[in-house]
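To start, the structure itself, in structure tokens.
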Amino acid sequence: MNRTLRSAGHRALMEALKTARLDAGLTQTEVAQKLKRPQSFVAKYENGERKVEVVELAHIARAIGCSACRVIEQVELAEFNIG
């Protein structure tokens with residue numbers, strides 16, 4: 001298992017979360033406010049400076065209004081070269 005911040009799966013996670021946020025018409029600041037975290041928290045996971053734990057992923061997905069399962073599916077597709 002590749003544990004780096006730049007694995008294919010991690011890059012897919014960063015992109016999926018950012019895309020979901022943009023599709024929802026939300027800024028990083030708006031997501032951060034919903035999470036009761038600083039805007040830098042959102043910037044760091046979107047830019048790959050910070051890993052996202054599973055519980056955090058559930059909270060982030062809910063704040064954005066997307067499915068955490070769909071985000072994980074995108075990570076699986078990238079990490080295991082599916083599709």
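Rounding to the nearest 0.5 Å gives a distance of 8.5 Å between NZ of Lys44 and CZ of Arg50. To the nearest 0.5 angstrom, Tyr45 atom OH is 7.5 Å from Gln28 atom CD. Taking CD of Gln39 as the start and OG1 of Thr27 as the end, the distance is 8.0 Å to the nearest 0.5 Å.
Cluster partners of Leu22 are absent, since no Ile, Leu, Val, Met, Phe, Trp or Tyr has side-chain heavy atoms less than 4.5 Å from it.
With respect to the salt-bridge test (charged N to carboxylate O, under 4.0 angstrom), the residues Arg11 and Glu79 do not qualify. Of the charged side-chain nitrogens involved, none lies within less than 4.0 Å of a carboxylate oxygen, so that Lys51 and Glu56 do not count as a salt-bridged pair.
By the side-chain contact (heavy atoms from CB on, under 4.5 Å) test, Ser40 pairs with Pro38, sequence neighbours left out. Qualifying side chain to side chain donor-acceptor pair (under 3.5 Å) partners for Gln33, counting only residues two or more places apart in sequence or in other chains: none. Residues meeting the side chain to side chain donor-acceptor pair (under 3.5 Å) test with Gln74, sequence neighbours left out: none.
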Cut-off 3.5 Å, no hydrogens considered: what does the side-chain donor-acceptor table look like for residues 58-68, sequence neighbours left out?
residue : atom : partner : partner atom : Å
Ser67   : OG   : Cys69   : N            : 3.1
Ser67   : OG   : Arg70   : N            : 3.1

Exercise answer: donor-acceptor pairs, residues 13-20 side-chain atoms, under 3.5 Å, sequence neighbours excluded:
residue : atom : partner : partner atom : Å
Glu15   : OE2  : Thr19   : OG1          : 2.9
Thr19   : OG1  : Glu15   : O            : 2.8

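In the hydrophobic clustering of ILVMFWY residues, with side-chain heavy atoms under 4.5 Å counting as a link, Phe80 and Leu77 come out together.
Between Leu57 and Val52, the shortest heavy-atom distance links the atoms N-CG1, 3.6 Å.
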